[in-house]
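Here's the structure we're looking at; comments come further down.
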Amino acid sequence: MTLFHLFLIAVIQGITEFLPISSSGHLILLPGLTGMADQGHIIDVAVHVGTLAAVILYFRKDAMLALGGLTRVARGQIDTPGAFLALCLIIATIPVMAVGLVLELTGLEDMMRSIAVIGWTMLIFGLVLWVADTRFPATRKANSWTLKHALIMGLWQVLALIPGTSRSGITITGARMLGYDRVGAARLSMLMSIPTILASAVLVGGKAATEADMAVLRDGAIAAGFTFVAALAALAAMMRLARSVSFTPYVIYRVILGLVLLWIAYT
């Protein structure tokens, strides 16, 4: 792959993974609308590793807290903030892992990779995000997360398996409907991305292991580096904007892109 192609994939993944506009949808559209070759599983794993590194670095205190709590969860001791956070993240991740595995084994995942599907999900879930952000109160902070709310947000996250939905967008939607403020909703969504991205990278990486050669591994390392920088910048920008700006600009982008994609798909 050319350096420009790797850079383009990395920037798209890095920026759209954490903004509520769907990274998977944009990456599917890239070869479909430009004629560029599909990046393949190795590059998919690489860009996911880049985004994973970015979110862990940005939320390093929370990540280390949850990591330290994992051993206590394994012993059945939910008696520290770290253990409770780790348990919430586990509960929030189980639904998407279970349904994702079913889609992967049945081949249904590939059937949803179309411009029409992405157009509809961009439009519909963009409007749902707008309703959640403008019509629901903001009375909760991220530190008031509960096991029940972790499960509910985990169920919302399952919808992100439909291309164009946006993992961050749909989990932020769920959090806002539960009453979390914008910063809290975004923070919980980003923390949920850590085990989800890790599970996705492991799943895709298992398939990609047989395809690896030195040239592809080199391309993957380059893509991961580019993605890390783009993701860290996008994550910092979104968290800063969440303190003063609503999610409406993202909704406008989603609605416009969704309408354009539906026009392309049905004409």
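No experiment lies behind these values; they were computed from the predicted model shown. Just so you know, residue 1 is the first one in the sequence shown, and it goes up from there.
- Note on ring orientation: taking the six-membered ring where Trp is involved, the planes of His26 and Tyr253 are parallel (angle under 30°, cut-offs 30° and 60°).
- Between the side chain of Arg167 and the main chain of Ser189, a donor-acceptor pair closer than 3.5 Å is present.
- The NZ atom of Lys148 sits 5.5 Å away from atom CD1 of Ile152, with the distance rounded to the nearest 0.5 Å.
- For the residue pair Ala10 and Ala223, the shortest heavy atom distance occurs at CB-O, 3.5 Å.
- Of the possible polar contacts, one joining the Ser22 side chain to the Gly164 backbone as a donor-acceptor pair under 3.5 Å is found.
- Within a 6.0 Å radius of CZ in Arg113, no more than 12 heavy atoms belonging to other residues, nucleotides or ligands are found.
- In this structure, Arg182 contributes its side chain and Ser244 its backbone to no donor-acceptor pair below 3.5 Å.
- Within a 6.0 Å radius of CE in Met177, other residues, nucleotides and ligands contribute more than 12 heavy atoms.
- Looking at His149 and Arg140, their side chains come closer than 4.5 Å, going by heavy atoms from C-beta outward.
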Applying side-chain contact (heavy atoms from CB on, under 4.5 Å) to Ile118 and Met112, what does each step give before you reach the verdict?
CA-CA 8 Å; Ile118 296 171; Met112 295 187 290; over 6 Å; no
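- Between Val131 and Phe136, the shortest heavy-atom contact is O-CD1, 3.7 Å.
- When hydrophobic clusters are built by joining Ile, Leu, Val, Met, Phe, Trp and Tyr residues whose side-chain heavy atoms come closer than 4.5 Å, directly or via intermediates, Ile91 is not grouped with Met190.
- Residues Thr51 and Glu17 have side chains that never bring a donor and an acceptor to within less than 3.5 angstrom of each other.
- Between Asp181 and Arg176, none of the side-chain N atoms (NZ, or NE/NH1/NH2) sits under 4.0 Å from a carboxylate O, so this pair counts as no salt bridge.
- Summarising the geometry of Pro20 relative to Leu129, their closest heavy-atom pair is CB-CD2, 4.0 Å, with the distance given to 0.1 Å.
- Follow the hydrophobic side-chain contacts under 4.5 Å out from Ile21 and you reach Leu8 in the same cluster.
- Checking Thr16 against Ser23 by side-chain atom types alone, no donor-acceptor pair falls below 3.5 Å.
- Residues Gly68 and Thr71 approach most closely at O-OG1, 3.4 Å, considering heavy atoms.
- Using modelled atom types, one side-chain atom of Arg254 and one backbone atom of Met122 make a donor-acceptor pair closer than 3.5 Å.
- The two residues Val73 and Ala86 come nearest to each other via the heavy atoms CG2-CB, 4.0 Å.
- In the hydrophobic clustering of ILVMFWY residues, with side-chain heavy atoms under 4.5 Å counting as a link, Ile194 and Leu147 come out apart.
- Here CE of Met238 is found 10.5 Å from CZ of Arg243. Values are rounded to the nearest 0.5 Å.
- For the atom pair CG of Asp219 and OG1 of Thr2, the computed distance is 9.0 Å after rounding to the nearest 0.5 Å.
- To the nearest 0.5 Å, atom SG of residue Cys88 and atom CG of residue Leu151 are 10.5 Å apart.
- Under the 3.5 Å distance criterion, the side-chain polar atoms of His48 are matched with a main-chain donor or acceptor of Asp44.
- In this structure, CG in Leu89 is found 9.0 Å from CG in Asp62, a value given to the nearest 0.5 Å.
- Linking Ile, Leu, Val, Met, Phe, Trp and Tyr whenever their side-chain heavy atoms come within less than 4.5 Å puts Ile94 and Ile78 in one cluster.
- Gln157 contributes a side-chain N or O that, together with a main-chain N or O of Ala92, makes up a donor-acceptor pair within less than 3.5 Å.
- Taking each heavy atom of Thr165 and Ile170 in turn, the nearest pair found is CG2-CB, 3.9 Å.
- Between the Thr93 side chain and the Thr196 main chain, no donor and acceptor come within less than 3.5 Å of each other.
- Looking at heavy atoms from C-beta onward, Phe59 lies in side-chain contact with Leu235 at the 4.5 angstrom threshold.
- No side-chain heavy atom of Leu188 sits less than 4.5 Å from a side-chain heavy atom of Thr171.
- Between Phe226 and Gln13, every side-chain heavy-atom pair lies at or beyond the 4.5 Å cut-off.
- Annotation: side chain of Leu261 is in contact with side chain of Leu29 (closest heavy-atom distance under 4.5 Å).
- Rounding to the nearest 0.5 Å places CG of Leu257 at 10.0 Å from CG of Leu123.
- Following chains of ILVMFWY side-chain contacts shorter than 4.5 Å, one cannot reach Met192 starting from Leu70, and the two form parts of different hydrophobic clusters.
- Under the 4.5 Å side-chain criterion, counting only non-hydrogen atoms from C-beta, Phe125 is not in contact with Thr173.
- Residues Tyr250 and Leu241 meet the side-chain proximity criterion, which asks for heavy atoms closer than 4.5 Å.
- Inter-residue side-chain proximity for Leu85 and Trp145 is flagged as met; some heavy-atom pair is nearer than 4.5 Å.
- The neighbour count for Phe7 CZ, taken as heavy atoms of other residues, nucleotides or ligands under 6.0 Å away, does not exceed 12.
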